[in-house]
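Starting off with a structure, shown below.
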Amino acid sequence: MDMQILESIVIGAGQAGLSTSFHLTRLGIDHVVLDANTTPGGAWQHRWDALTMNDVHGVAELPGSTPPARDTKRANAVVPASFADYERTHDLPIIRPVHVDSVTDDDGILVVHAGDREWRTRTIVNATGTWTQPFLPHYPGMETFVGEQLHTVDYPGPEHFRGKRVLVVGGGASAVQFLGALAPITETLWATRREPIWRDDDFTPEAGAAAVALVEQRVAQGLPPQSVVGVTGLMLRAQEREAERLGAYADRRAMFARIEPDGVRWSDGSFEQVDAILWATGFRPAIAHLAPLHLRSAAGGIQLDRNGRGTAAVEDPRVQLVGYGPSASTIGANRAGRSAAKGVQRALSTAMGAASRDPELTADVTSG
């Protein structure tokens, strides 16, 4: 066990984690980045092969770099290669693979547990994103379905579904994208809990700021965060126009009541036979390892400072969260990385100030 006490530990090496590490390094803050993956790339390396750089909604440049080109190359190869180059160029202190099980408090020092390994630190920045926490709602009878049921995280690409009748479930951007790829090659159905909200105007910076503000309001109140994409409305891109022409979006139905062995049934008794159900039902923040720190509010989420615009947990400012709530987009993650690094700097300064007022703490704070 390494008893060194680090100034900070970043958990996760996706866009938000790399951005944070860059800014921590610039501030001269001693830290390491613990990444659960065996190779660079964050969640991007796990995306389906058919997803090209033209298909993604955008990859913001990391600080001090330029974004990957928008072309027909596979996103699950281009972005990880870009991340790997960034890690090398900036000599970021990344340790992998490390799957963090929990973070505990040992008399004022945060202890990061990963199997039989431990790291001790004064602050942490959680950058674990959502990819490892797919959300799958439960519907009666789903265990009886004899066809395929796949979540976005398992999506193998459109060719896998050719010749199958596919039900896409979910009202977000992923569902729209899946329908855009599937409708031209096979029969599709679409079901959502709520009527989709479409927008046909330009997504201006002002509209983006307004959407982010809605998410900020939730985390300011300690509510579970809502996806930024979920409050912006849905837009069709050029590659989805053929599916629109085929009626894939116009034929949307409300959610079914139950799943049967060979299809789904609605409350009015109507039935549709399907061969596969594709659950585009989103993700939840991967924060279970933070549970021992009791950061959640009574409302169920982690309240962030600065009325939801910051990255520090109100319950414990030693903990910063990036890629959470309003910073879940790639652009937001970059900005949050800078904010989190400054938050770490403030927390360390606060600890030093407390130590100077209490001689018994001085040796502890300056050790390691």
Any side-chain heavy-atom pair from Ile259 and Pro140 closer than 4.5 angstrom? no
Is there a donor-acceptor pair closer than 3.5 Å between any side-chain N or O of Arg284 and the backbone N or O of Gln133?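 Here the side-chain-to-backbone pair does not exist.
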State plainly whether one hydrophobic cluster holds both Trp266 and Met255, where clusters connect Ile, Leu, Val, Met, Phe, Trp and Tyr through side-chain heavy atoms under 4.5 angstrom apart. yes
What I'd like to find out is whether the side chain of Arg252 reaches to under 4.5 Å of the side chain of Glu195, using heavy atoms alone.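 Arg252 reaches Glu195 side chain to side chain.
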Closest heavy-atom contact between Pro292 and Ser102?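 Looks like CG-CB, 4.2 Å.
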Backbone N or O of Pro40 within a donor-acceptor pair of the Asn37 side chain at under 3.5 Å? no
May I ask you to decide if Val100's main-chain N or O and Arg117's side chain share a donor-acceptor pair within less than 3.5 Å?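 No: the side chain of Arg117 does not pair with the backbone of Val100.
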Give a yes or no on whether Leu51 and Leu182 share a hydrophobic cluster (residues Ile, Leu, Val, Met, Phe, Trp, Tyr; joining criterion: side-chain heavy atoms under 4.5 Å apart). yes
Set of residues satisfying side-chain contact (heavy atoms from CB on, under 4.5 Å) with respect to Lys73, sequence neighbours excluded: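 By the side-chain contact (heavy atoms from CB on, under 4.5 Å) rule, Lys73 matches Asp71, Val78.
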Is the closest basic N to carboxylate O distance between Glu272 and Arg165 below 4.0 Å? yes
Aromatic contact between Phe178 and Trp190, with the criterion being ring centroids under 6.0 Å apart: yes or no? no
Is it the case that the side chain of Glu240 and the backbone of Arg237 share a donor-acceptor pair, with hydrogens and angles ignored and the cut-off at 3.5 Å? yes
Gln273 and Asp275 side chains, donor-acceptor separation under 3.5 Å: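 Yes, Gln273 and Asp275 have a side-chain donor paired with an acceptor closer than 3.5 Å.
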Dump the intermediate steps for side chain to side chain contact (heavy atoms under 4.5 Å, CB included) on Asn76 and Trp44, then the final yes or no. CA-CA 5 Å; Asn76 64 7; Trp44 287 99; 5.9 Å; no
I'd like to know if Leu167 and Ile185 are part of one continuous hydrophobic network [Ile/Leu/Val/Met/Phe/Trp/Tyr, side-chain heavy atoms within less than 4.5 Å]. no
Validation row: Ile95, Trp119 side chains within 4.5 angstrom (heavy atoms): yes
All salt bridge (charged side-chain N to carboxylate O under 4.0 Å, His left out) counterparts of Glu315, not counting sequence neighbours: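 Per chain and number, Glu315 pairs via salt bridge (charged side-chain N to carboxylate O under 4.0 Å, His left out) with no residue.
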The residue among Phe145, Phe271, Tyr139 that forms ring-ring contact (aromatic ring centres under 6.0 Å, His included) with Phe256 is Tyr139
More than 12 heavy atoms of other residues, nucleotides or ligands under 6.0 Å from CZ of Arg26: yes or no? no
Check this for me: Lys164, atom NZ, are more than 12 non-hydrogen atoms of other residues, nucleotides or ligands nearer than 6.0 Å?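 For Lys164, atom NZ is crowded (more than 12 foreign heavy atoms under 6.0 Å).
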Test of understanding: clusters of I, L, V, M, F, W, Y form through side-chain heavy atoms closer than 4.5 Å, transitively. Do Tyr324 and Leu290 belong to the same one? yes
Quick check: does any side chain N or O of Asp35 sit under 3.5 Å from a backbone N or O of Gly12, one acting as donor and the other as acceptor? no
Might you work through the side chain to side chain contact (heavy atoms under 4.5 Å, CB included) test for Leu293 and Val319, ending with a clear yes or no? CA-CA 9 Å; Leu293 300 180; Val319 180; 3.9 Å; yes
Could you check whether any side-chain N or O of Thr281 sits under 3.5 Å from a backbone N or O of Phe135, counting only pairs where one atom can act as donor and the other as acceptor?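 Yes, Thr281 side chain to Phe135 backbone: donor-acceptor pair under 3.5 Å.
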Just verifying a value: how many Å separate Ser339 OG and Asp305 CG, rounded to the nearest 0.5 Å?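 The CG atom of Asp305 is 7.0 Å from OG of Ser339, to the nearest 0.5 Å.
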Verify the distance criterion only: is there a donor paired with an acceptor across the side chains of His289 and Asn126 at less than 3.5 Å? yes
Is the shortest distance from a Lys or Arg side-chain nitrogen in Glu7 or Arg122 to a carboxylate oxygen in the other one below 4.0 Å? no
So does Gly115 get a backbone contact from the side chain of Asp101, meaning a donor-acceptor N/O pair under 3.5 Å?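 Yes; at least one donor-acceptor contact below 3.5 Å.
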Student check: side-chain heavy atoms of Asp105 and Val111 closer than 4.5 Å: no
Return the minimal non-hydrogen interatomic distance between Ala13 and Val33, and the atom names on each side.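 The answer is CB-CG1, 4.0 Å.
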Sidechain N-carboxylate O distance under 4.0 Å for Arg162, Glu187: no
If we only count heavy atoms from C-beta on, is the Leu189 to Val168 side-chain gap below 4.5 Å? no
Between Asp55 and Thr52: side-chain donor-acceptor atoms closer than 3.5 Å: yes
Just do the side chain to side chain contact (heavy atoms under 4.5 Å, CB included) check on Phe22 and Leu62 with the steps written out, would you? CA-CA 9 Å; Phe22 173 87; Leu62 284 157; over 6 Å; no
Could you give the distance from OG1 (Thr121) to CG (Leu34), rounded to the nearest 0.5 Å? 9.5 Å
Grab the two heavy atoms, one from Ala173 and one from Leu234, that are nearest each other, plus how far apart they are.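 Where Ala173 meets Leu234 most closely, the heavy atoms are N-CD2, 3.7 Å.
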Is any side-chain heavy atom of Arg70 closer than 4.5 Å to a side-chain heavy atom of Val56?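 Sidechains of Val56 and Arg70: in contact.
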Tell me whether Ser19 contacts the main-chain N or O of Ala16 through its side chain, where contact means a donor paired with an acceptor under 3.5 Å.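 No: the side chain of Ser19 does not pair with the backbone of Ala16.
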Asp251 CG to Leu179 CG distance, which is reported to the nearest 0.5 Å: 10.5 Å
Quick check against the 3.5 Å criterion: does Gln45 have a side-chain atom that pairs as donor or acceptor with the backbone of Thr39?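 Yes.
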In one Ile/Leu/Val/Met/Phe/Trp/Tyr side-chain cluster, 4.5 Å: Ile277, Phe283: no
Where do Pro156 and Trp48 come nearest, in terms of heavy atoms and distance? C-CB, 4.2 Å
Aromatic contact, His46 with Tyr155 (centres under 6.0 Å): no
To check you understand the geometry: which heavy-atom pair defines the closest contact between Ala248 and Thr188, and what is its length?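 Minimum heavy-atom contact is CB-OG1, 4.1 Å.
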Of all heavy-atom pairs between Pro184 and Glu242, which one has the smallest distance, and what is that distance?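 Looks like CG-CG, 4.0 Å.
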Stepwise, does the side chain to side chain contact (heavy atoms under 4.5 Å, CB included) test hold for Val169 with Leu278? CA-CA 6 Å; Val169 180; Leu278 182 53; over 6 Å; no
Residues passing the ring-ring contact (aromatic ring centres under 6.0 Å, His included) test with Tyr86, sequence neighbours excluded, are His90
Ring center gap for Trp198 and Tyr249 short of 6.0 angstrom: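 Yes, ring centres under 6.0 Å apart.
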To the nearest 0.5 Å, atom CG of Leu236 lies from atom CD of Gln177 at 11.5 Å
Is it true that, when you exclude Arg96 itself, more than 12 heavy atoms of the residues, nucleotides or ligands shown sit nearer than 6.0 Å to its CZ?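 Atom CZ in Arg96 is packed in, count exceeds 12.
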Measure the CG-CG distance between Leu295 and Leu321 for me, rounded to the nearest 0.5 Å.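 So the CG of Leu295 and the CG of Leu321 are separated by 7.0 Å.
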Under 4.5 Å between any side-chain heavy atoms of Val344 and His31, yes or no?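 No, side chains not in contact.
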With rounding to the nearest 0.5 Å, note down the distance linking CZ in Arg120 to OG1 in Thr104. 8.5 Å
For the residue pair Trp279 and Thr152, establish whether any side-chain heavy-atom pair is separated by less than 4.5 Å.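 No - every pair of side-chain heavy atoms lies 4.5 Å or more apart.
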Would you say the side-chain atoms of Thr25 pair up with the backbone N or O of Ser21, donor to acceptor, closer than 3.5 Å? yes
